[in-house]
Protein chains: 2
Amino acid sequence: MKAPERIGQVLAHFTVTAPERATGEIAALLGIANSSAHELLNGLAQTGLLQKQAPGRFRLGPMIAALAQVLANTDGLVEAARPIVARAVADHGETVHVVKLAGRQLATLSAQSGNRPVGVGRNVISSETPLWAVGAGKLLLAYLPTAELLRILETLELTAFTDATMTARSRLRDQLTDIRQDGFAEAVAEWHPDLATCAAPVRSHAGVCVAAFSLAVPLSRYALQPRAYRAIAVQSADRISARLGWQDAGKPTGQLPGSNKKPSGRGQ
Amino acid sequence: MKAPERIGQVLAHFTVTAPERATGEIAALLGIANSSAHELLNGLAQTGLLQKQAPGRFRLGPMIAALAQVLANTDGLVEAARPIVARAVADHGETVHVVKLAGRQLATLSAQSGNRPVGVGRNVISSETPLWAVGAGKLLLAYLPTAELLRILETLELTAFTDATMTARSRLRDQLTDIRQDGFAEAVAEWHPDLATCAAPVRSHAGVCVAAFSLAVPLSRYALQPRAYRAIAVQSADRISARLGWQDAGKPTGQLPGSNKKPSGRGQ
DNA sequence: GCCATGGTTCGGTATTTTCGAATGAAGGTC
DNA sequence: GACCTTCATTCGAAAATACCGAACCATGGC
């Protein structure tokens with residue numbers, strides 16, 4: 001296996017639920033020898049990508065934070081998303097994420113918890129989140145190039161988490177097609193029974209989907225007005241897209257007088 | 001050269017001033033063949049540590065952001081620093097950083113620009129900042145284990161940036177000793193002629209210095225009341241240390257009645 | 001239409017990684 | 001307090017890889 005891929009695998013195993021890992025643990029997770037893991041981890045600790053807490057115990061290191069600062073200051077998407085995310089949380093109080101796809105995992109670019117007493121934690125959407133069980137995951141899959149989508153779809157083990165979880169590969173494919181046409185995805189109680197998530201595509205200046213704007217809402221509130229949350233997601237995503245230089249071909253934001261075209265012009 | 005080190009080198013070359021790099025550029029910077037750089041960069045892009053903008057053009061990738069989220073949620077230091085940084089900026093309006101040492105470079109864990117019309121940009125302190133020319137760098141060096149400090153000192157090329165820059169190795173060593181005893185470092189016009197920086201140590205529950213709290217102030221303001229800025233830095237750093245569980249041996253925060261010990265108990 | 005620049009591909013060589021076993025340290029149990 | 005277990009670390013041989021240079025190809029400029 002190639003070095004960058006191996007290192008990516010190692011880093012990906014440091015998560016919110018398991019922020020500290022031991023040498024043997026990583027060795028077992030990657031299926032390599034203890035001694036190999038030892039060399040890898042200590043090497044990464046020396047560069048600062050990890051830091052050694054104690055002999056054999058590692059956490060993500062300071063270089064991650066430093067690189068993230070660079071990314072936040074230079075990535076147009078992160079920069080464009082920040083104020084829109086803040087505004088959405090302020091206006092509606094629900095938990096908001098802007099996520100991309102990194103390989104076959106979700107990667108959070110920006111996240112903010114809602115301010116309601118009962119709300120969704122910021123960590124529901126993370127690299128451990130199953131793609132097929134949340135709106136953002138399905139949306140990002142839907143906008144993938146077909147060849148890549150098929151490759152990923154084949155390798156996903158469609159585990160069920162609730163009764164509503166999508167486990168049939170063919171049905172999921174059909175749903176992804178719809179999602180791409182609608183420019184909107186939702187997952188109601190497909191991961192956790194009391195959680196609803198929905199997402200809309202963020203588009204670059206060239207019109208390709210580069211990220212998803214995601215809303216995570218307790219089912220009790222989502223069920224009351226699903227259309228409203230849909231509107232919020234689509235509108236916020238569009239606002240970020242606009243900041244990236246995207247010009248909607250169909251209908252910019254509000255209802256254009258005289259334009260009675262259906263909003264189908266959203267697809268790429 | 002070992003793989004993690006090589007990858008660290010590659011990532012370190014993505015900075016705020018050069019966020020996008022080309023294959024040949026990286027090859028030249030690392031002194032390796034174009035084809036080697038090609039394989040490295042594309043490998044990193046596949047894992048998500050980098051992303052490919054166009055053939056041969058790379059930027060930091062979504063996985064960096066995802067890992068940073070994990071770090072922010074799980075690293076006690078980052079979490080403890082956040083509110084103190086925000087408070088310091090709100091109270092005094094100057095630019096604040098919390099930084100660590102990653103190898104021989106500074107790594108920003110948390111940063112916030114001041115809100116004054118004339119102030120210091122957030123990017124003065126970055127991985128490109130020379131350690132010996134800013135307070136935070138000198139402070140972190142001062143608290144290093146002696147053996148490691150000597151190794152690093154030897155390899156630093158003490159370039160001069162202003163008249164005040166410390167270029168004599170022996171004088172720098174002496175100053176580092178003082179810094180460690182004082183628990184405070186400053187660098188006045190040693191990096192940029194109109195910039196003053198100062199820093200104080202953040203200590204873990206075990207009392208070891210794990211980061212620096214840094215203030216970056218325009219020289220015009222710093223010169224008016226250097227003692228005040230020193231107090232702010234030390235106090236803020238101590239507040240973060242307290243949140244990490246550190247108990248000051250000497251005098252906790254204010255003046256303890258009956259305790260007329262000099263505050264020399266601050267050292268490790 | 002030609003040329004130049006720079007990314008990408010490809011095979012041979014050498015360095016690195018990798019593994020298993022042995023060593024050493026730390027923590028728990030009796 | 002001594003034993004045992006667990007797990008990181010060290011070490012040397014086998015295998016896999018990163019690395020290089022040369023050829024190829026796409027792009028943009030002249």
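Within every chain, numbering begins at 1; the chains are lettered A, B, ... in the order of the sequence lines, protein sequences first and strands thereafter. Everything quoted here is computed from the prediction, not taken from an experiment.
To the nearest 0.5 Å, the span separating CG on B/Leu176 from CD on B/Gln181 amounts to 12.0 Å. The distance from the CZ atom of B/Arg180 to the CG atom of B/Leu139 is 10.0 Å, given to the nearest 0.5 Å. Atoms CG and CG, from A/Asn42 and A/Leu50 in turn, are 9.5 Å apart once rounded to the nearest 0.5 Å. Note: A/Arg82 CZ to A/Leu109 CG = 12.0 Å, rounded to the nearest 0.5 Å.
Between A/Arg6 atom CZ and D/dA18 atom C1' the separation is 11 Å, expressed in whole Å. Computed from coordinates, the A/Glu5 CD to D/dA18 P distance equals 10 Å when rounded to whole Å.
A donor and an acceptor atom, one from each side chain of B/His38 and B/Asn34, are nowhere located under 3.5 Å apart. Residues B/Thr155 and B/Arg104 have side chains that bring a donor and an acceptor to within less than 3.5 angstrom of each other.
For DNA chain C, the span of nucleotides reached by chain B at under 4.0 Å from its heavy atoms goes, 5' to 3', from C/dG7 to C/dT17.
Below 30°, between 30° and 60°, or above 60°: for B/Trp132 and B/Phe161 the angle between ring planes is below 30°, a parallel geometry.
For A/Thr23 and A/Lys2, each mapped to the nucleotide of DNA chain D holding its nearest heavy atom, the one lying further toward the 5' end belongs to A/Thr23.
Within 4.0 Å of B/Arg57, counting heavy atoms only, lies no atom of the nucleic acid at all.
A donor-acceptor pair under 3.5 Å is formed between the side chain of A/Arg59 and the backbone N or O of B/Thr74. A donor-acceptor pair under 3.5 Å is formed between the side chain of A/Ser241 and the backbone N or O of A/Arg203.
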For a side-chain hydrogen bond (donor to acceptor under 3.5 Å, both in side chains) check, start with the C-alpha distance between B/Thr17 and B/Glu128, then their side-chain angles and the critical distance, and finish with the verdict.
CA-CA 9 Å; B/Thr17 56; B/Glu128 300 164 277; 2.9 Å; yes
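If one axis is set at each end of the helix from C/dG1-D/dC30 to C/dC30-D/dG1 from five pairs, those axes are 50° apart, to 10°.
Within residues 26-49 of chain A, the residues approached by DNA chain D to less than 4.0 Å at the level of any non-hydrogen atom are A/Ser35, A/His38, A/Asn42, in residue-number order.
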